[in-house]
Amino acid sequence: MIRDITLGQYYNADSVIHRLDPRIKIIASLLYIVELFVVDSFIGFFYATAALGLVIALSKVPLSFIFRGMKALLIILIFTFVINLFMIDGTIIFKLWIFTISKEGLYAALFMTFRLVLLITGTSLLTLTTKPISLTDGLERLLYPLSKLKVPTHEIAMMMTIALRFIPTLLEETDKIIKAQQARGADFESGNLINRAKNLIPIIVPLFVSAFRIAHDLAMAMEARCYKGGEGRTRLHPMKYGKRDLVAYVLVFAFLASIILLRIFI
Amino acid sequence: MENSIIKIENLIYEYVKQEVLDDGSTVEKVKRALNGISLDIEKGSFLAVVGQNGSGKSTLAKNINGLLLPTRGKITVKGVELADDERIWDIRQNVAMVFQNPDNQLVASIVEDDVAFGPENLGVPSEVIRQRVDDALKLVGMYEMRNKAPHLLSGGQKQRIAIAGALAMDPDIIVFDEPTAMLDPKGRKEVMAIINKLHEEGKTIILITHFMEEAVQADRVVILKKGSGILLDGSPKEVFCQSETLRDVDLTPPLAVELGDRLRARGMDIPQDITRIEELVEYLCQLK
Ligand SMILES: Nc1ncnc2c1ncn2[C@@H]1O[C@H](COP(=O)(O)OP(=O)(O)OP(=O)(O)O)[C@@H](O)[C@H]1O
Ligand SMILES: [Mg+2]
């Protein structure tokens with residue numbers, strides 16, 4: 001039941017996008033977020049959508065797979081749309097009882113929702129086409145300059161790797177504890193909010209105990225496998241930029257320039 | 001023994017715990033888990049370690065590869081003494097460990113990345129890691145699963161990944177600490193088959209187990225007793241025929257020994273040295 005939840009899911013396929021270096025994909029995703037906030041015209045949005053559409057087509061990830069992830073965020077999208085629609089003052093184009101819709105509000109609502117959809121799609125494409133371990137590896141390499149300032153970049157990346165690995169394990173553990181407590185007559189489904197929150201204590205306490213036990217076991221296992229921090233480690237999949245990645249960098253920055261020009265001239 | 005790969009001399013290990021009293025002062029509580037163990041382990045041998053809960057089996061295993069350091073006594077692995085701080089990584093590379101819980105020893109969220117974890121830590125070049133990962137996965141029969149997420153595999157499969165991870169470090173000695181305790185009978189059989197195969201390939205195996213049926217497959221069995229060190233040490237036949245001593249420390253002898261004892265009590269003439277069920281079957285069949 002609970003293990004069906006997938007987080008930051010990866011879609012296994014063999015495409016140009018999958019084969020790109022994780023670093024370029026992380027940078028492109030970050031730039032894309034910035035670009036979405038630079039864009040302020042419908043033309044710009046269509047341009048940004050077209051660009052994303054092209055990347056999706058190249059990635060071979062089916063659209064249905066991408067939109068499945070969107071469903072969970074539908075409420076946020078609707079909320080954003082409605083708030084913007086009714087809350088922004090300006091030239092009124094529609095009025096019913098206390099609800100008024102202004103021209104500016106309609107624009108803002110459309111822009112904001114559009115932006116969010118593109119933002120979610122763009123960033124989920126990163127996790128859909130990059131294995132978790134490459135993602136954390138890429139991040140480690142990108143953050144490397146910070147390690148000169150004593151920022152523990154390797155440790156941060158290792159923590160993320162382990163977190164990703166143990167999310168399913170901890171979910172399973174939670175499931176087990178819930179079932180064990182239910183078998184002892186615990187009731188998690190009725191009562192008011194405060195009572196329900198109180199009822200969670202018999203889940204949370206054993207879960208913490210398990211988490212500490214797992215952490216202890218894992219630390220022991222990692223030490224037994226000669227883990228001694230990031231220094232002197234080699235990788236099974238070493239990161240190396242190829243021609244493909246250089247082309248991608250050129251395209252990504254050309255796109256950034258065109259978005260800025262669009263903003264200035266239109 | 002001239003062919004010995006691990007030499008343990010009078011090993012004593014004490015766990016020290018700080019305890020805070022009611023008045024705020026702290027006292028050190030000392031718990032002696034190993035009390036004077038001496039063992040010589042031959043290169044390429046298969047040693048089974050058996051004992052009750054709390055008899056110190058895991059503590060012994062952790063001492064052998066430097067996860068814990070002896071309180072007193074001396075351990076040498078391939079001639080290197082374990083107190084040697086600089087050589088500790090060499091020793092851990094040489095003495096790989098597989099633990100009981102298959103879930104809590106896998107680090108990465110993709111099978112092959114997990115197997116690569118050990119050699120990556122050792123700074124092995126990428127191409128060599130690739131080779132070792134593929135070889136190890138093929139040996140445990142999990143090569144086809146190399147791109148899967150460990151949490152989608154069965155317990156037995158996860159344990160095989162853990163064994164592959166240990167193998168990828170290219171060790172001479174592998175210590176298994178109750179590797180089958182959390183598995184179903186099928187997973188248990190798979191793991192035992194791999195352990196036997198590794199032994200045949202010349203690895204030195206130390207298997208800690210609660211299952212006597214697994215221990216009889218070893219060349220040598222050591223029985224630990226809580227608080228007093230080694231109780232019995234010898235070939236499975238020598239050790240398991242002493243069923244009375246075994247029962248004294250709450251261990252159940254293997255099925256064949258148990259059955260042999262009862263048949264003997266009924267007046268049948270069963271040799272003392274039958275420890276495996278197949279031998280017993282064979283013997284009983286030729287009686288007629
Ligand atoms: N971290 C620790 N701190 C304090 N005491 C410990 C610790 N780990 C083990 N002990 C104690 O040391 C003794 C030996 O423990 P050990 O885990 O080695 O036994 P074992 O033979 O492996 O048992 P099991 O069959 O349950 O795995 C036990 O009495 C145990 O309570
Ligand atoms: Mg133990």
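Proteins get letters first, then strands, A, B, ... in listed order; numbering begins at 1 in each. Predicted model only: the values in this text are computed from it and were never measured.
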- Message: Using a 4.5 angstrom heavy-atom cutoff, name the option from A166(B), A149(B), G165(B) with the most pairs to chain A.
- Response: G165(B)

- Message: I'd like to know which of L236(A), T169(A), D217(A) tops the heavy-atom pair count under 4.5 Å against chain B.
- Response: L236(A)

- By a 4.5 Å heavy-atom criterion (distance strictly below it), what part of V115(B) contacts chain A: side chain, backbone, both, or neither? backbone

- Applying a strict 4.5 Å limit to non-hydrogen atoms, the region of D114(B) in contact with chain A is both

- Message: Tell me which of these, G66(B), S126(B), A162(B), has more heavy-atom pairs under 4.5 Å with chain A than the rest.
- Response: S126(B)

- Do the charged groups of E28(B) and K17(B) touch, with an N to O distance under 4.0 Å? no

- Message: Looking only at heavy atoms and a cut-off of under 4.5 Å, which of P125(B), A96(B), G118(B), P119(B) has the most pairs with chain A?
- Response: G118(B)

- So, the part of F117(B) with a heavy atom under 4.5 Å from chain A: the answer is both

- Query: Taking the six-membered ring of Y13(B), is the NZ or CZ of R32(B) close enough (under 6.0 Å from the centre) and on axis enough (within 45°)?
  - Reply: no

- Message: Taking 4.5 Å as the heavy-atom cut-off, does anything in residues 167-184 of chain B contact chain A, and if so which residues?
- Response: M169(B)

- Message: Just by distance, no angles: are the side chains of E112(B) and H237(A) close enough, under 3.5 Å, to form a donor-acceptor pair?
- Response: yes

- Before accepting this row, confirm whether a basic side-chain N of the pair E81(B)/R87(B) lies closer than 4.0 Å to the acidic partner's carboxylate O. no

- Query: If you measure from the Lys or Arg side-chain nitrogens to the Asp or Glu carboxylate oxygens, is any gap between D175(A) and K179(A) under 4.0 Å?
  - Reply: yes

- Task: Answer yes when D113(B) and R165(A) have at least one side-chain N-carboxylate O distance shorter than 4.0 Å, and no when they do not.
- Result: no

- Message: Out of V124(B), I129(B), N121(B), return the one with the most heavy atom pairs under 4.5 angstrom to chain A.
- Response: N121(B)

- Under 4.5 Å from a heavy atom of chain B, the part of M220(A) involved: both

- Item | A108(B) portion near chain A, given a 4.5 angstrom heavy-atom threshold | both

- Below 4.5 Å from any heavy atom of chain A, which atoms of N65(B) appear? Answer side chain, backbone, both or neither. side chain

- Message: Whether the Y15(B) and T59(B) side chains hold a donor-acceptor pair (N or O, under 3.5 Å, no angle test) is what I'd like checked.
- Response: yes

- Heavy atoms only, distances under 4.5 angstrom: which of A224(A), C226(A), G232(A) has the most pairs with chain B? Name it, please. C226(A)

- Item | Carboxylate-amine/guanidinium proximity below 4.0 Å for E190(B) and K186(B) | yes

- Note on the structure: Applied to residues 133-157 of chain B, the salt bridge (charged side-chain N to carboxylate O under 4.0 Å, His left out) test, sequence neighbours excluded, yields R130(B)-D134(B)

- Hey, could you give me the CZ/CD1 distance between F46(B) and I195(B), rounded to the nearest 0.5 Å? 6.0 Å

- Between S59(A) and T129(A), does any side-chain donor sit less than 3.5 Å from a side-chain acceptor? no

- Residue pair E173(A) / S210(A), side-chain donor-acceptor N/O under 3.5 Å: yes

